[in-house]
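The structure appears below as structure tokens.
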Number of protein chains: 2
Amino acid sequence: MKKHKEILSRFGINKTQFRIDLLSIFFDCKSSLTTHEIFERFNKKINKVTIYRALKSFEQKGLIHQVPDKNNLKKYSLCNLDSCSPDSHNHQHGHFICYSCDQTFCLDDSTIKIIKTSSGHIVKNYNLILEGYCTDCNSSQTIFQN
Amino acid sequence: MKKHKEILSRFGINKTQFRIDLLSIFFDCKSSLTTHEIFERFNKKINKVTIYRALKSFEQKGLIHQVPDKNNLKKYSLCNLDSCSPDSHNHQHGHFICYSCDQTFCLDDSTIKIIKTSSGHIVKNYNLILEGYCTDCNSSQTIFQN
DNA sequence: TAAGAAAACGCAAAAGTGTTGCGTTTATTA
DNA sequence: TAATAAACGCAACACTTTTGCGTTTTCTTA
Ligand SMILES: [Mn+2]
Ligand SMILES: [Mn+2]
Ligand SMILES: [Zn+2]
Ligand SMILES: [Zn+2]
């Protein structure tokens with residue numbers, strides 16, 4: 001799509017077919033993506049090293065950010081492209097991790113409100129991790145409801 | 001120490017020398033520990049597999065809990081031994097991760113206050129991650145202060 | 001639009017973390 | 001003290017991620 005090419009240019013990334021497709025996958029994705037999930041979406045036609053390098057580049061340029069994952073995998077979500085750049089990622093939002101499907105969802109500011117009082121440390125960024133059962137898993141597995 | 005042996009018994013873990021030492025390391029540690037850091041503290045005299053299995057056991061029995069880590073490593077901190085057990089871990093506290101030294105600190109309840117409004121998900125647990133510069137790193141690297 | 005430079009790519013190898021199987025040792029229980 | 005269970009060391013393995021290098025593609029600019 002035209003928009004995706006324009007974004008890659010703006011963030012200083014060469015417009016290869018793979019990177020255009022990768023960006024559009026992130027735009028379509030409601031939650032977050034692991035390397036393996038991306039590999040699957042390309043029907044294993046792309047080299048995994050290429051995926052790793054693209055993700056690292058996207059992250060450095062401010063397109064995507066890592067999200068917490070219970071299985072210690074690298075997992076990424078699209079940034080707010082207005083507030084992130086090669087210079088700095090600016091994230092003040094929470095993440096929801098589903099016990100059942102392991103997906104990580106970004107939560108927007110309206111979903112959570114945080115009030116923090118002081119400690120001895122200098123806080124530059126924060127991330128609230130909520131754990132539980134996502135809407136999809138909850139509706140299909142009422143056993144977990146209480 | 002006597003206290004550590006008593007705790008291991010109470011949580012159903014055999015009192016081997018290594019596990020006694022491991023527990024006391026966790027008691028001494030102000031922040032959190034990776035497998036590698038534990039390996040170093042034993043001067044590489046202990047097999048890494050033994051460390052992995054001890055950590056898994058400690059976690060299952062309710063002695064330690066995993067904490068978030070920027071490098072996707074397994075990292076653990078001591079639990080509040082009054083509120084955690086083999087049956088369930090009960091954590092509602094935040095963690096502070098230092099950009100400079102990578103250490104993860106547990107924050108007690110008085111440090112943070114969280115108010116969360118609803119989303120479509122069912123929340124079972126939460127963990128607030130604060131990022132920035134810890135007191136030690138901050139005092140030695142004033143360049144980061146602003 | 002045709003070089004030349006820079007970025008991205010594929011393949012192979014390696015590094016790093018964590019797991020599993022199995023025989024042996026150590027601790028607990030009775 | 002003998003039987004049982006837990007913990008241990010070693011070797012092998014699985015898996016994710018990184019690095020090196022030569023090739024291909026994209027970008028720049030003249
Ligand atoms: Mn970002
Ligand atoms: Mn706990
Ligand atoms: Zn789910
Ligand atoms: Zn620090």
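The shown structure was predicted, so the numbers you read here are calculated from the model rather than taken from an experiment. Chain A is the first sequence line, chain B the second, and so forth, proteins listed ahead of strands; every chain is numbered from 1.
Atom CG in A:Leu55 sits roughly 11 Å away from atom P in C:dC9 (whole-Å rounding). Note: CZ (A:Arg53) to P (D:dT16) measures 18 Å, nearest angstrom. Rounded to whole Å, atom P of C:dT29 lies 13 Å from atom CD1 of B:Ile13. If you take CG of A:Leu23 and P of C:dA8, they are 13 Å apart, rounded to a whole angstrom. Atom CZ of A:Phe11 and atom P of C:dA8 are 15 Å apart (whole Å). In this structure, B:Gln17 places its CD atom 15 Å from C1' of C:dT25, rounding to the nearest Å. One interatomic measurement links the two molecules: CG of B:Asn14 to P of C:dT29, which rounds to 7 Å at whole-angstrom precision. Rounded to a whole Å, the CD1 atom of A:Ile51 is 15 Å from the P atom of C:dA8.
Look at A:Tyr52 and you'll find a side-chain N or O under 4.0 angstrom from OP1 or OP2 of D:dT17. Look at A:Thr16 and you won't find any side-chain N or O under 4.0 angstrom from OP1 or OP2 of C:dA7. A close approach under 4.0 Å does occur between a side-chain nitrogen or oxygen of A:Thr50 and OP1 or OP2 of C:dG10.
For the contact set between residues 59-79 of chain B and DNA chain C, defined by any heavy atom under 4.0 Å, the members are B:Leu73, B:Lys74. Taken residue by residue, residues 33-48 of chain A places heavy atoms nearer than 4.0 Å to DNA chain D at A:Thr35.
A cation-pi geometry, defined here as NZ or CZ lying under 6.0 Å from the six-membered ring centre and within 45° of its normal, does not hold between A:Lys70 and A:Tyr99. At least one test fails for B:Lys61 against the ring of B:Phe11: distance under 6.0 Å to the centre or angle within 45° of the axis. The cationic group of B:Lys44 does not satisfy the cation-pi geometry with B:Phe39, failing either the under 6.0 Å distance to the six-membered ring centre or the 45° limit from the ring axis.
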Please determine whether ring pair (Phe, Tyr, Trp, His ring centres under 6.0 Å) holds for the pair A:His4 and A:Phe27, giving the CA-CA distance in whole Å, both sets of side-chain angles, and the decisive distance to 0.1 Å. CA-CA 9 Å; A:His4 302 147; A:Phe27 267 98; 5.0 Å; yes
Give the intermediate values and the outcome of ring pair (Phe, Tyr, Trp, His ring centres under 6.0 Å) for residues A:Tyr133 and B:His121. CA-CA 6 Å; A:Tyr133 297 97; B:His121 313 302; over 10 Å; no
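In this structure, B:Arg19 reaches the sugar-phosphate backbone alone: every heavy-atom distance under 4.0 Å involves primed, P, OP1 or OP2 atoms, never a base.
Salt bridge annotation for B:Lys75-B:Glu37: absent, with no cationic side-chain nitrogen under 4.0 angstrom from a carboxylate oxygen. Under 4.0 Å is where a charged nitrogen must lie from a carboxylate oxygen, and between A:Arg10 and A:Glu6 at least one such pair does.
In this structure the side chain of B:His65 reaches within 4.5 angstrom of the side chain of B:Ser77, judged on heavy atoms.
B:His91 and B:Asn127 share no donor-acceptor pair across their side chains, judged by distance under 3.5 Å alone.
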